Amino acid sequence: MDDNKLIKYDGKQLQKVGNAIAVTNKLLALAELQLIPFRIGDKWGYCTVDKKIVIDCQYRYVSVFSEGFAYVRDNTGFWIYVNRVGELLSSISEYPPEPFKEGFALTEDGFINHKGELIIPFEYYNANSFSEGLALVKSDDKYGFIDKMGELKIPYEFDNASSFSNGLAAVKVNEKYGFINKSGGIEIPYQFDYAQSFSEEFAPVLMTGSYGFIDKSGQIVIPYLFEDADSFSEGFAKVKVDGKYGFIDKKGDIVIPYFSENAGSFSDGFAAVKMNGKYGYINKTGEIIIPFIFERAGSFSMGIAYVEMDSKNSGYINKNGVEYWED
């Protein structure tokens with residue numbers, strides 16, 4: 001072999017390469033494992049499903065992982081992203097950031113990529129995470145949408161707006177809501193008193209004090225019958241009649257009776273519902289799966305949900321009610 005073609009490393013370079021390989025091997029080993037936020041006392045870290053600690057409980061708070069990263073709050077009160085082996089990704093921030101979505105995360109400085117690089121500096125009054133390739137942003141008192149290059153794709157012309165979902169976004173102009181497409185064209189005219197995002201091809205809209213559901217052509221498909229309503233999720237939508245919440249299907253038929261004081265949407269097959277001041281979880285047949293024992297209860301995702309028993313007793317549970325914390 002020609003000596004001139006030999007690659008020469010000093011000790012520090014070899015150590016650096018070795019460390020990089022070790023981290024890569026760790027990431028590959030953890031890639032298939034679900035990492036669950038775990039609390040010991042008032043410190044948070046991460047464990048596997050069988051409660052094996054992977055990242056030590058050393059933080060004041062941690063989020064769930066999204067696209068391989070989570071944000072954590074350190075002992076100084078600042079926030080930072082970590083990867084699945086606990087390595088720090090970005091500089092610290094004073095305010096809680098957002099989870100990674102579509103390759104970007106929204107921080108107080110702007111949108112960063114998976115390398116922690118600031119791609120789109122924050123120059124807006126407010127902003128949402130990316131959804132379907134566009135991010136809702138606010139400048140002064142108007143809303144518009146930017147792309148992943150930071151270019152304004154839909155001008156600041158809306159009094160209120162939601163992120164894109166099912167190819168459309170609900171927007172407000174002159175006190176009325178309608179829907180636009182990704183080119184900014186009006187797909188459904190401004191006619192509603194309020195409108196939520198499309199999900200599973202339907203959107204809840206408010207007219208003269210009652211909610212109903214429209215399809216993407218703007219036609220009413222479920223009549224204006226409800227005091228409150230939420231978007232469809234897993235085939236069911238939460239609706240309110242006579243002060244109680246229940247669930248309907250896409251035909252508008254009531255599939256879980258109006259019985260709860262409050263409710264969340266179905267996710268992972270479960271929905272949080274409130275009875276007698278406490279939350280529990282039901283399945284899609286309305287069967288109570290986890291008893292009404294929580295002060296607060298979030299949606300299930302990847303088999304876990306955040307709950308609060310009281311102000312000092314909180315953490316994540318799985319679908320069997322197993323607690324991922326130790327007081």
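Here the structure is a predicted model, which means the values were calculated and not measured.
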Quiz item: Would you call Glu132-Lys182 a salt bridge at under 4.0 Å N-O?
Solution: yes

Quiz prompt | Nearest heavy atoms of Ala305 and Ser299, plus distance in Å | solution = CB-O, 3.6 Å

Quiz item: Are the aromatic rings of Phe300 and Tyr281 close, with centres under 6.0 Å apart?
Solution: yes

Quiz item: If you take all heavy atoms of Ser217 and Gln219, which pair is closest and at what distance?
Solution: OG-CG, 3.2 Å

Quiz item: Just by distance, with hydrogens left out, do Asn313 and Trp325 show a side-chain donor and acceptor under 3.5 Å apart?
Solution: yes

Practice problem: Begin from the C-alpha positions of Trp44 and Tyr59 and carry the test ring pair (Phe, Tyr, Trp, His ring centres under 6.0 Å) through to its verdict. | Solution: CA-CA 5 Å; Trp44 293 76; Tyr59 301 108; over 10 Å; no

Self-check item: Asn283 and Thr285 side chains, donor-acceptor separation under 3.5 Å
Solution: yes

Self-check item: Side-chain (Glu201) to main-chain (Lys216) donor-acceptor, under 3.5 angstrom
Solution: no

Quiz item: Is it the case that Lys142 places NZ or CZ above or below the six-membered ring of Phe158, under 6.0 angstrom from the centre and within 45 degrees of the axis?
Solution: no

Quiz item: Is there a donor-acceptor pair under 3.5 Å between the side chain of Thr107 and the backbone N or O of Gly110?
Solution: yes

Quiz item: With no hydrogens and no angle check, is any side-chain donor or acceptor of Glu94 less than 3.5 Å from a backbone partner on Phe78?
Solution: no

Quiz item: With a 4.0 Å cut-off, would you call Asp228 and Lys238 a salt bridge?
Solution: no

Exercise. State, to 0.1 Å, how close Tyr279 and Glu295 come at their nearest heavy-atom pair, and which atoms those are.
Key: CD1-O, 3.4 Å

Exercise. Check which hydrophobic residues are tied to Leu106 through side-chain heavy-atom contacts below 4.5 Å, counting indirect links as well, and list them.
Key: Phe104, Phe111, Ile119, Ile120, Phe122, Tyr124, Phe130, Val137, Ile146, Leu152, Tyr156

Quiz prompt | Inter-residue atom distance Arg39.CZ - Arg60.CZ, 0.5 Å rounding | solution = 14.5 Å

Quiz item: Is the side chain of Glu108 donor-acceptor paired with the backbone N or O of Ser93 at a distance under 3.5 Å, no angle test?
Solution: no

Quiz item: Would you find a donor on one side and an acceptor on the other, under 3.5 Å apart, between the side chain of Gln58 and the backbone of Lys43?
Solution: no

Exercise. Taking all heavy atoms of Tyr71 and all of Pro99, pick out the closest pair and write down the distance.
Key: CE2-N, 3.9 Å

Quiz item: For Tyr194, what residues pass the ring pair (Phe, Tyr, Trp, His ring centres under 6.0 Å) criterion, not counting sequence neighbours?
Solution: Tyr177

Quiz item: Centre of Phe38's six-membered ring, under 6.0 Å away, within 45 degrees of the axis: is that where NZ or CZ of Lys51 sits?
Solution: no

Quiz item: Between the side chains of Glu308 and Tyr306, does any donor sit under 3.5 Å from an acceptor?
Solution: yes

Exercise. Report the C-alpha distance between Arg296 and Val307 in whole Å, list the side-chain angles of each, state the deciding distance to 0.1 Å, and finish with yes or no for side chain to side chain contact (heavy atoms under 4.5 Å, CB included).
Key: CA-CA 6 Å; Arg296 293 179 59 193; Val307 295; over 6 Å; no

Quiz item: So, for Phe69 and Tyr81, is the gap between ring centers shorter than 6.0 Å?
Solution: no

Quiz item: Any donor and acceptor pair, going by atom type alone, linking the side chain of Gln196 with main-chain N or O of Ala229 inside 3.5 Å?
Solution: yes

Practice problem: Measure centre to centre between the rings of Phe164 and Phe198, then say whether the value is under 6.0 Å. | Solution: no

Exercise. Grab the two heavy atoms, one from Glu234 and one from Lys284, that are nearest each other, plus how far apart they are.
Key: O-NZ, 3.0 Å

Self-check item: Test log, rule side chain to side chain contact (heavy atoms under 4.5 Å, CB included), inputs Tyr224 and Thr208
Solution: CA-CA 9 Å; Tyr224 297 101; Thr208 61; over 6 Å; no

Practice problem: Take atom CD1 of Ile288 as the centre, draw a 6.0 Å sphere, and report whether it contains more than 12 heavy atoms from other residues, nucleotides or ligands. | Solution: no

Quiz prompt | Gap separating the CD1 atom of Ile282 from the CZ atom of Phe270, nearest 0.5 angstrom | solution = 10.0 Å

Practice problem: Verify the neighbour count for atom NZ of Lys138: are there more than 12 heavy atoms of other residues, nucleotides or ligands below 6.0 Å? | Solution: yes

Quiz prompt | Euclidean distance, Ser314 OG relative to Met309 CE, rounded to 0.5 Å | solution = 10.5 Å

Practice problem: Can you measure from CG (Leu35) to CG (Asn83) and round to the nearest 0.5 angstrom? | Solution: 10.0 Å

Quiz item: Centres of the Phe65 and Tyr46 rings: under 6.0 Å?
Solution: yes

Quiz item: Taking Asp147 for the side chain and Met149 for the main chain, is one N or O donor matched with an acceptor at less than 3.5 Å?
Solution: yes

Practice problem: Please step through ring pair (Phe, Tyr, Trp, His ring centres under 6.0 Å) for the pair Phe266 and Phe247, ending with a clear verdict. | Solution: CA-CA 9 Å; Phe266 272 95; Phe247 292 85; 4.8 Å; yes

Exercise. Assess the side chains of Glu117 and Asn113: does a donor N or O sit below 3.5 Å from an acceptor N or O?
Key: yes

